[in-house]
Amino acid sequence: QLQLEESGGGLVQPGGSLRLSCAASGFTLDGLAIGWFRQAPGKGREGVSCISSSGESTNYADSVKGRFTLSRDNAKNTVYLQVNSLKPEDTAVYYCAASRRRITTIPAICYDEWRYDYWGQGTQVTVSS
């Protein structure tokens with residue numbers, strides 16, 4: 001069975017940090033483009049960060065730039081999103097997605113949900129004091 005599974009979400013105070021994980025089973029993430037998306041209550045899903053198919057470049061949404069870091073561990077077949085200096089507006093369900101297409105880190109491309117073939121079920125991040 002081909003699937004992605006996110007983990008690492010939780011309740012954290014403003015200014016806190018979490019490391020979100022996205023583990024693949026049934027296929028390898030090596031060579032695939034990866035995107036992280038989030039959906040806040042009452043809002044549409046938005047792209048947060050992505051890494052190109054080659055793994056050579058990443059992109060971050062302006063709202064998270066400097067606070068979030070995407071990385072991948074091919075040996076563990078896992079992608080991570082380190083989220084630091086969290087703010088209440090970061091509260092959302094976070095999803096990872098993987099694509100077999102050649103995706104660059106141009107935002108209009110790498111945050112286009114239709115380009116992704118596999119999606120996880122999401123992990124909840126709540127930032128509150």
Side-chain angles (χ1 to χ4, degrees):
Q1 187 175 2
L2 309 180
Q3 63 179 13
L4 292 174
E5 183 173 5
E6 302 95 337
S7 61
L11 173 63
V12 62
Q13 293 185 340
S17 299
L18 290 170
R19 188 175 77 159
L20 308 183
S21 299
C22 173
S25 58
F27 65 103
T28 179
L29 293 177
D30 190 7
L32 302 190
I34 305 296
W36 280 95
F37 297 79
R38 68 184 181 185
Q39 186 166 20
K43 295 185 178 181
R45 192 154 55 186
E46 63 172 350
V48 173
S49 180
C50 60
I51 186 167
S52 63
S53 307
S54 66
E56 293 178 349
S57 62
T58 54
N59 181 275
Y60 299 92
D62 289 342
S63 59
V64 307
K65 200 170 295 182
R67 300 187 297 122
F68 289 13
T69 304
L70 189 158
S71 62
R72 64 197 306 167
D73 185 337
N74 290 331
K76 294 184 177 180
N77 209 24
T78 300
V79 175
Y80 303 98
L81 186 68
Q82 179 69 39
V83 296
N84 298 329
S85 302
L86 283 164
K87 305 175 182 179
E89 52 264 43
D90 294 318
T91 295
V93 178
Y94 284 71
Y95 301 88
C96 66
S99 175
R100 295 191 177 278
R101 298 166 176 79
R102 287 193 175 275
I103 294 183
T104 69
T105 51
I106 297 172
I109 295 176
C110 77
Y111 297 139
D112 180 354
E113 298 181 22
W114 295 103
R115 297 179 185 267
Y116 289 87
D117 304 295
Y118 308 102
W119 287 84
Q121 82 292 345
T123 186
Q124 175 71 47
V125 172
T126 302
V127 185
S128 175
S129 55

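Hydrogens, waters and symmetry mates are skipped; everything else that's a heavy atom, side chains included, is used.
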Between atom [atom1] of [X] and atom [atom2] of [Y], what is the distance when rounded to the nearest 0.5 Å?
X: Tyr116; Y: Leu4; atom1: OH; atom2: CG; value: 11.5 Å
X: Cys96; Y: Glu6; atom1: SG; atom2: CD; value: 4.0 Å
X: Leu2; Y: Ser25; atom1: CG; atom2: OG; value: 7.5 Å
X: Ile103; Y: Asn59; atom1: CD1; atom2: CG; value: 12.0 Å
X: Gln124; Y: Gln39; atom1: CD; atom2: CD; value: 10.5 Å
X: Thr28; Y: Asn77; atom1: OG1; atom2: CG; value: 4.5 Å

Please check if the side chain of [X] supplies one atom and the backbone of [Y] the other of a donor-acceptor pair under 3.5 Å.
X: Glu46; Y: Arg38; answer: no
X: Tyr60; Y: Leu70; answer: yes
X: Thr91; Y: Val127; answer: yes
X: Asp112; Y: Ile109; answer: no
X: Glu5; Y: Gly120; answer: no

Side chain to side chain contact (heavy atoms under 4.5 Å, CB included) between Thr123 and Leu20: does it pass, once the steps are laid out? CA-CA 8 Å; Thr123 186; Leu20 308 183; 4.2 Å; yes
Show, in sequence, the C-alpha distance, side-chain angles and deciding distance for Phe27 and Tyr118, and conclude whether the side chain to side chain contact (heavy atoms under 4.5 Å, CB included) test is met. CA-CA 10 Å; Phe27 65 103; Tyr118 308 102; 3.8 Å; yes
Nearest non-hydrogen partners of [X] and [Y], listed with the distance:
X: Arg72; Y: Leu32; result: NH2-O, 3.1 Å
X: Ser49; Y: Leu81; result: CB-CD1, 4.1 Å
X: Gly47; Y: Tyr111; result: CA-CD2, 3.5 Å
X: Leu18; Y: Gly8; result: CD2-O, 3.7 Å

Give a yes or no on whether Glu89 atom CD has more than 12 heavy-atom contacts from other residues, nucleotides or ligands under 6.0 Å away. yes
Check for me, please, whether Val12 and Phe68 land in the same ILVMFWY cluster - side-chain distances under 4.5 Å, paths through other members count.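 Yes, one cluster joins them.
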Are Val48 and Val125 in one and the same hydrophobic cluster, where Ile, Leu, Val, Met, Phe, Trp and Tyr link if side-chain heavy atoms are under 4.5 Å apart? yes
Relative to each other, are the rings of Phe37 and Trp119 parallel, tilted or perpendicular (30° and 60° limits)?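 Ring orientation, 0 to 90° scale: tilted.
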Would you call Arg101 and Asp117 a salt bridge, using N to O less than 4.0 angstrom?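 The answer is yes: the pair qualifies as a salt bridge.
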Please evaluate residues Val79 and Leu29 with respect to the criterion side chain to side chain contact (heavy atoms under 4.5 Å, CB included), reporting the C-alpha separation (whole Å), side-chain torsions for both, the decisive distance (0.1 Å), and the verdict. CA-CA 8 Å; Val79 175; Leu29 293 177; 3.7 Å; yes
Verify whether one side chain among Ser128 and Thr126 offers a donor that lies under 3.5 Å from an acceptor in the other.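 There is no such pair (donor and acceptor under 3.5 Å, judged by atom type) between the side chains of Ser128 and Thr126.
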List the steps and the verdict of side chain to side chain contact (heavy atoms under 4.5 Å, CB included) for Ser17 and Gln82. CA-CA 7 Å; Ser17 299; Gln82 179 69 39; 3.9 Å; yes
Applying salt bridge (Lys or Arg N to Asp or Glu O under 4.0 Å), run through Asp62 and Lys65 and close with a yes or a no. CA-CA 5 Å; Asp62 289 342; Lys65 200 170 295 182; 3.1 Å; yes
